[in-house]
Amino acid sequence: MAAAAQDNLIDRILDRLEHLLPAQRPVPLHEPQFQANAWEKVKDCLDSGWVSSVGAYVDAFEQGLADYTGITHAVATVNGTAALHSCLLLAGVRPDDEVLMPTLTFVGTANPVAAMGAVPHFVDSAPDTLGVDAVALSDHLERISEQRDGCCFNTRTGRPIRALIVVHVLGHIADMAALRAVADRHNLKLIEDAAEALGSFRDDRHAGHWGDLTALSFNGNKIITTGGGGAVLTQDAELARQAKHLTTTAKLPHPWAFEHDQVAFNYRLPNLNAALGVAQLEQLDQLVDAKRRLAAAYRHAFDPMNELTWFDEPGGCRSNYWLNLLLLPDRLHRDGLLEAAQQRGLLLRPFWTPLHRLPMYNPMPRAELQTAEALFECGVCLPSSAGLIETAEPLG
Ligand SMILES: Cc1ncc(COP(=O)(O)O)c(C=O)c1O
């Protein structure tokens with residue numbers, strides 16, 4: 001496309017963004033929203049003196065997560081990475097195992113896999129969900145794997161493929177029925193990385209309903225935050241018991257003795273953070289609602305522009321629209337828009353660099369990754385804080 005046409009498209013996008021967003025600058029990509037209940041509960045926690053890894057707020061936060069998601073057990077952790085690490089250990093992933101995951105995800109999906117001596121194995125994304133492409137994954141596994149003694153092996157590397165991590169990218173739930181079927185056919189444990197998907201549903205089921213284990217994150221940029229925090233979700237009471245044990249240094253109950261029965265971690269969410277979590281959970285429906293209204297305003301602004309794709313929730317999904325996504329015609333437009341927006345104080349962001357392009361993950365096994373590459377080249381995330389909608393007006 002000629003430079004003038006390119007500039008014209010970028011200008012038209014910026015005009016629409018400026019019309020829709022509040023006047024104050026900068027407009028960050030995602031900001032938390034706190035109400036009076038946050039101050040009340042954090043103060044109450046401080047007054048109680050129970051600020052560390054046990055306390056009533058941890059129990060209440062876990063119960064609140066279980067009630068909201070409909071998944072029977074929630075174990076709160078210090079962050080989403082710790083939650084994923086715990087899921088991997090509980091799924092039986094060991095050093096030198098391979099773990100399938102999308103290349104188009106935040107680096108926090110791969111880091112706990114690599115940290116335990118296992119090997120990320122990158123697969124492609126589906127254009128309609130942004131999550132792992134079930135058909136491409138199935139074809140890839142037919143080509144490169146075989147079953148031996150009930151275990152999936154990579155015939156090219158000789159390593160066991162133990163698990164599949166599916167990521168619900170930007171809050172849109174992947175095609176979980178198909179992915180569950182692929183995992184079952186190949187004897188893989190299924191982990192949902194739902195760090196971005198609290199408040200997202202598919203076929204009326206909350207994220208986490210398909211996996212053996214699921215990880216959430218409550219980092220400051222997520223739909224609700226505990227400052228830093230995460231959780232393991234599972235329907236399996238025994239896995240939940242093990243998750244609690246693993247995240248509390250595997251300490252055996254005793255009035256005074258320090259007895260521990262396995263290598264484990266101090267991964268429990270402090271009560272102080274959980275107090276903020278309990279307050280934020282009370283706001284969750286309101287936040288999802290505001291973010292969906294913001295998404296509707298963006299859709300209204302950008303759907304009519306034929307040169308762009310506005311990314312709408314996949315069929316059957318009710319997404320939290322954690323981050324809103326525009327797909328531009330090519331990388332030149334993407335970079336031009338990012339630069340021009342930054343100059344105007346609109347903090348748009350590209351997708352994460354696909355993990356197989358990062359130096360530490362470049363040598364890892366991978367499938368064909370065309371769709372993930374194309375999404376990365378063209379994708380721009382728009383400011384998506386729930387608070388933006390109070391001032392946002394859909395274009396007339
Ligand atoms: C997809 C994904 N996985 C994992 C993580 C890691 O979570 P945390 O930052 O809480 O460790 C995040 C977010 O930060 C994420 O977006």
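Order of listing sets the numbers, starting from 1, for every ligand and every atom in it.
Counting heavy-atom neighbours within 6.0 Å of Glu339 CD, excluding the residue itself, gives a total of 12 or less. Around the NZ atom of Lys43, the shell of radius 6.0 Å holds no more than 12 heavy atoms that belong to other residues, nucleotides or ligands.
Nearest protein heavy-atom neighbour of atom 12 (C) of ligand 1: Phe106 CD2, 3.5 Å. The protein atom (non-hydrogen) at minimum distance from atom 15 (C) of ligand 1 is Ala195 CB, 3.5 Å. For atom 1 (C) of ligand 1, the closest non-hydrogen atom of the protein is Glu196 OE2, 3.2 Å.
Partner of Tyr57 under the side chain to side chain donor-acceptor pair (under 3.5 Å) criterion, out of Asp44, Asn271, Asn273: Asp44 alone. The only member of Met116, Lys189, Arg162, Arg94 that meets side chain to side chain contact (heavy atoms under 4.5 Å, CB included) when paired with Leu88 is Met116.
Under 4.0 Å from ligand 1, heavy atoms of Asn79 appear from its side chain as well as its backbone. The part of Thr105 lying near ligand 1 is the side chain, judged by heavy-atom distances below 4.0 Å.
At a 3.5 angstrom cut-off on N or O pairs, Asp193 counts as close to ligand 1.
Geometrically, Arg148 engages Phe153 in a cation-pi contact, judged by NZ or CZ lying under 6.0 Å from the ring centre and within 45° of the ring axis.
Residues Phe201 and His206 place their aromatic rings such that the two centres sit under 6.0 Å apart.
Salt bridge Glu18/Arg344: present, at least one basic N to carboxylate O contact under 4.0 Å. Taking 4.0 Å as the cut-off between side-chain N and carboxylate O, Arg143 and Asp139 do not count as a salt-bridged pair.
Taking a cut-off of under 4.0 Å to the non-hydrogen atoms of Val167, the atoms of ligand 1 that pass are 1 (C). Remark: ligand 1 atoms within the under-4.0 Å shell around heavy atoms of Gly80 are 7 (O), 8 (P), 10 (O), 11 (O). Of all atoms in ligand 1, numbered sequentially from 1 with element shown, those under 4.0 Å from a heavy atom of Ser217 are 7 (O), 8 (P), 10 (O). Atoms of ligand 1 found under 4.0 Å from any heavy atom of Thr109, numbered from 1 in the order shown, are 1 (C), 3 (N).
Selection from Thr77, Thr81, Val107, Ile165 by nearest heavy atom to atom 6 (C) of ligand 1 gives Thr81.
At least one heavy atom of Lys222 lies less than 4.0 angstrom from ligand 1.
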